[in-house]
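In what follows, every heavy atom counts, from backbone to side chain, and hydrogens, waters and symmetry copies are set aside.
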Number of protein chains: 2
Amino acid sequence: MRSDASEVYRRYLSAVMLHGHAGARACDLGATDLYALNILQLSGAMSPGALSDRTGLTTGPTTRLIDRLEQAGYVRRVPDPDDRRKIVVEPVAGPADLDRVMAPAREKIGEILRGYGPEQLDVLFDYFTRATAAYQEAAEDLRAM
Amino acid sequence: MRSDASEVYRRYLSAVMLHGHAGARACDLGATDLYALNILQLSGAMSPGALSDRTGLTTGPTTRLIDRLEQAGYVRRVPDPDDRRKIVVEPVAGPADLDRVMAPAREKIGEILRGYGPEQLDVLFDYFTRATAAYQEAAEDLRAM
DNA sequence: AGATTTCTCTTCTCTAAGGAAGAGATTAGG
DNA sequence: CCTAATCTCTTCCTTAGAGAAGAGAAATCT
């Protein structure tokens, strides 16, 4: 049963999203929290104000969003040395719930990737890199609308 | 700058998730709605009861979830010919907001994929297919916990 | 056929999350 | 030096969404 390529890719994306949601749900992590966490993982540490912009939230909810993430151990607040009004929110790489929950999937994917040869892996990681940029741009465009 | 492979993949996943969230947000689609939509796209049409199980919601919220999705034009209710109590919720492939919003990203990805040769595409789609199954299994396991 | 079970949908209630406005603190500019 | 602007955080309010319980309809079993 050879499905259409577009359909294969659609299902692939759905599976990735679905797994992400299921993981967040398993950690009692809200959708916006996961969203913010992805932003921080992708773009690195930033101030609460910048995170407000990115998430589209106003500053009030953002503060409590950071509170939740900090309390759950995913990020931490670090004072900005240059501007003492500011704070930098940086993601913490640690054995938090989300990592534990994601581990089985990472293992499965690792297993799959180990089945490829070097030049095949080059192709795959070339794609990963390009696709990351593409999705990042597309998300940026969406945000601007 | 050759980053660690695991890090590249992490960022890739973050970008995919981020784009999905941004798209949902642009369509005023709630997190659970997107979650359910992914389930339907991945597993095909199912009854509201089955969708309740998958989403982890009770039947009440599920009904209104389907109401929202139906009203927004993403799914439709079809009576089950075998059991007239039942209803089948099937995803509607149409020019809904989400498709329109996702279009730029699909175009970018299409552009990237067109840059590969036939055997490279075979590798990529082999990966997509395997990864879909892996994530689907992992999500299933998460749901069971 | 009658009783039980199954399935969807409705209603009510409650919690969680977001918006708006403003306070407090710090920096920049005249 | 003093005013204005910037940034984070707090407080209050509103609303979307989830749970619980039950009603109504249809299938299954005895």
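Between A:Gly20 and B:Met17 the shortest heavy-atom distance is CA-CE, 3.7 Å.
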### Task
Would you mind building the protein contact string for nucleotides 10-19 of chain D? One character per nucleotide, 5' to 3', B for base within reach (heavy atoms under 4.0 Å), S for sugar-phosphate only, - for untouched.
B-B----SBB

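For the pair B:Met46 CE and C:dT8 C1', the computed distance is 16 Å after rounding to whole Å. Note: CG (A:Leu34) to C1' (C:dA17) measures 16 Å, nearest angstrom.
With rounding to the nearest 0.5 Å, the separation of CZ in B:Arg76 from CD1 in B:Ile66 is 14.5 Å.
Contact check of residues 74-87 of chain B against DNA chain D (heavy atom, cut-off under 4.0 Å) returns B:Asp83, B:Arg84, B:Arg85.
B:Asp33 places no side-chain N or O within donor-acceptor distance of the main-chain N or O of B:Leu29, the cut-off being under 3.5 Å. Judged purely by atom type and a 3.5 angstrom limit, A:Thr55 uses its side chain to pair as donor or acceptor with the backbone of A:Ser52. Remark: side-chain polar atoms of B:Arg77 are not paired, donor with acceptor, to backbone N or O of B:Val89 under 3.5 angstrom. A distance-only check finds no donor-acceptor pair linking the side chain of B:Tyr74 to the backbone of B:Arg68 [under 3.5 Å].
Partners of B:Asp126 by side chain to side chain donor-acceptor pair (under 3.5 Å), not counting sequence neighbours, listed by chain and number: A:Tyr116, B:Arg130. In this structure A:Tyr135 satisfies the side chain to side chain donor-acceptor pair (under 3.5 Å) test together with A:Tyr9, sequence neighbours excluded. Among residues two or more places apart in sequence or in another chain, the side chain to side chain donor-acceptor pair (under 3.5 Å) test is passed with B:Gln41 by A:Ser14.
Contact between the side-chain N/O atoms of A:Thr62 and the OP1/OP2 oxygens of D:dT8 is not found at any separation under 4.0 Å.
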### Task
Take B:Tyr127 and A:Phe128 through the test ring pair (Phe, Tyr, Trp, His ring centres under 6.0 Å) and record every step on the way to the result.
CA-CA 11 Å; B:Tyr127 165 77; A:Phe128 293 151; 5.4 Å; yes

### Intra- and interstrand pairs of DNA chain C - dot-bracket, Watson-Crick/G-U under 3.5 Å, | marks other strand
||||||||||||||||||||||||||||||

